[in-house]
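Working notes, beginning with the structure itself.
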Amino acid sequence: MADPGEALRALPSIDRLLQEPATAGLLALYPRAAVVETLRGVVDTLRARLRTGEDAPTERLVEDAERILQRRFQPRLRRVVNATGVVLHTNLGRAPLCNPALDAVAMASGYVNLEFDLESGQRGHRSDHVEDLLKELTGAEAACVVNNNAASVLLLLDELARGREVIVARSELIEIGGAFRLPDVLERSGATLVEVGATNKCYARDYERAITENTALLLKTHPSNFRIVGFTHEVTLEELAELGRRKNLPTAMDLGSGVFVELARWGLPAEPTVSRCVSSGVDLVCFSGDKLMGGPQAGILVGRREIIARLARNPLMRAFRCDKMTLAALQATLSVYRYPERLPRGIPALEMLTRAAEALEAPARALAERLRAVLDAQTRVEACPGMSLPGGGSLPATEIPTWMVRITPAGHWAERLRQAEYPVIARTEEDAFILDVRTLLEGDEERIVAGFVSSSPSPASPRAVD
Ligand SMILES: *Cc1c(COP(=O)(O)O)cnc(C)c1O
């Protein structure tokens with residue numbers, strides 16, 4: 001063992017370390033203060049270890065500092081590979097944007113005519129850029145947008161029902177996760193909830209009987225993430241709209257995940273489209289931009305001109321308004337829907353949801369083949385059929401047949417691949433680590449293979465050397 005006294009004396013000073021060529025690389029990448037602080041920390045640790053008589057090698061000092069700096073300066077928000085098969089995964093950012101939306105975000109990063117009317121040279125409104133498109137696509141008289149659909153609900157309740165009563169079917173008092181519970185939002189808006197109907201059944205007459213001089217709004221919500229089956233009845237939008245007209249009360253539908261096209265076209269469960277809801281006669285329909293619509297996070301409200309105008313003047317609108325990049329991405333996404341012949345391809349979320357299982361078998365087999373080539377012989381890698389989920393509180397209780405790659409034993413792949421350069425998020429079931437190919441984007445296969453190679457416990461011993 002080396003003489004600890006000598007090793008201690010040989011520890012370089014921070015000043016000397018900063019002169020070394022190896023450190024120059026760090027100074028080019030990281031702030032000087034952070035490099036100094038990290039080097040000091042590494043030297044202090046070494047000194048402490050040498051003092052206790054430990055044999056601590058000093059030649060990897062700069063490398064150690066580099067590893068620490070790398071970790072500290074790595075962005076927290078990063079691109080990940082979604083191999084979960086959950087298309088609208090809220091924790092992974094819901095809908096991936098379409099290419100025109102990406103270009104639009106880049107365009108909007110400079111100056112844009114956000115609140116400037118190019119024709120008159122006067123001040124304009126930021127919602128104008130998407131209002132005409134929304135009117136065209138939904139048949140509504142008017143439209144406005146906010147940051148997310150939770151804000152839509154809060155805004156419409158605040159404007160139409162603050163201090164008064166809102167009638168909702170008991171079966172539709174939903175919680176959609178992330179602590180968004182309709183009864184709580186109602187309370188926060190200052191409106192009073194009046195629940196009607198039984199858990200499984202609600203009729204128009206239940207709504208009608210609950211109407212008092214204090215009633216401000218008749219509300220219906222999409223159950224989003226659950227379904228009541230069996231002996232059930234719900235009030236149709238037409239019935240609700242008719243009752244509202246007869247009693248001179250506004251009606252609204254929180255659609256949750258708004259769709260513009262009939263999903264049944266591609267064999268998915270039928271969901272009421274936004275335009276169908278609008279034509280039912282309800283005064284207001286609100287939905288998310290980043291669920292089945294496949295755009296950026298936004299809350300979209302469409303409906304009667306007078307009501308939209310009131311929402312636009314509400315002071316909360318100033319707090320809920322979208323930024324220019326969201327509006328640009330939204331405009332671009334909505335524009336794709338003007339060309340129905342470009343669907344589902346033009347909208348990544350729709351394209352993924354409608355991929356037929358038969359079309360996923362070959363990619364799953366190809367990925368399994370590539371992984372088999374880099375994993376050791378004890379690891380079983382097989383392509384097999386399974387089920388994907390729409391996610392995002394859309395298409396409740398719907399599973400979509402898919403193909404996936406099953407890796408057994410599951411080992412520590414889930415943790416290891418989360419640490420990869422492109423973290424790979426997938427499912428672990430029993431003793432298998434499962435990658436669903438439905439939700440992979442272009443280039444993700446390479447990222448997955450690279451992730452497995454870099455996270456292999458020991459240098460991977462390829463099974464086929466020939
Ligand atoms: C998802 C959802 C919301 C909330 O929408 P966000 O865009 O996530 O804020 C509100 N209501 C219903 C019925 C939903 O499904």
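Remember, it's a predicted structure, so these values are computed and weren't measured experimentally. Every number for a ligand or one of its atoms is a count from 1 in the order of the listing.
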Going by an N to O cut-off under 4.0 Å, is there a salt bridge joining [X] and [Y]?
{"X": "D158", "Y": "R310", "value": "no"}
{"X": "R245", "Y": "E242", "value": "no"}
{"X": "R427", "Y": "E429", "value": "yes"}
{"X": "E238", "Y": "R276", "value": "yes"}

- Of the choices S152, G258, A150, which has the non-hydrogen atom that lies closest to atom 9 (O) of ligand 1? A150
- Message: Heavy atom to atom 6 (P) of ligand 1, shortest distance: which of L255, I300, N149 holds it?
- Response: N149
Considering the heavy atoms of [X], write down every atom of ligand 1 situated less than 4.0 Å from one of them.
{"X": "G256", "result": "12 (C), 13 (C), 14 (C), 15 (O)"}
{"X": "R94", "result": "6 (P), 7 (O), 8 (O)"}
{"X": "S288", "result": "5 (O), 6 (P), 7 (O)"}

- Message: Tell me which one of R170, K201, K220 satisfies salt bridge (Lys or Arg N to Asp or Glu O under 4.0 Å) with E234.
- Response: K220
Nearest to [atom], what protein heavy atom do you find, and at what distance?
{"atom": "atom 1 (C) of ligand 1", "answer": "K291 NZ, 1.4 Å"}
{"atom": "atom 3 (C) of ligand 1", "answer": "I176 CD1, 3.1 Å"}
{"atom": "atom 13 (C) of ligand 1", "answer": "S224 OG, 3.2 Å"}

- Record the part of Q297 in heavy-atom contact with ligand 1 below 4.0 Å; permitted values are side chain, backbone, both and neither. neither
- Message: Below 4.0 Å from ligand 1: does a non-hydrogen atom of D254 turn up there or not?
- Response: yes
- Item | Polar proximity ligand 1 side, H222 side, N/O cut 3.5 Å exclusive | no
- Does the side chain of S454 come under 3.5 Å of the side chain of E421 through a donor N or O and an acceptor N or O? no
- Relative to each other, are the rings of F287 and F260 parallel, tilted or perpendicular (30° and 60° limits)? perpendicular
- After noting the C-alpha distance and the side-chain angles of E131 and H125, does the key distance pass the side chain to side chain donor-acceptor pair (under 3.5 Å) rule? CA-CA 10 Å; E131 184 171 16; H125 290 283; over 6 Å; no
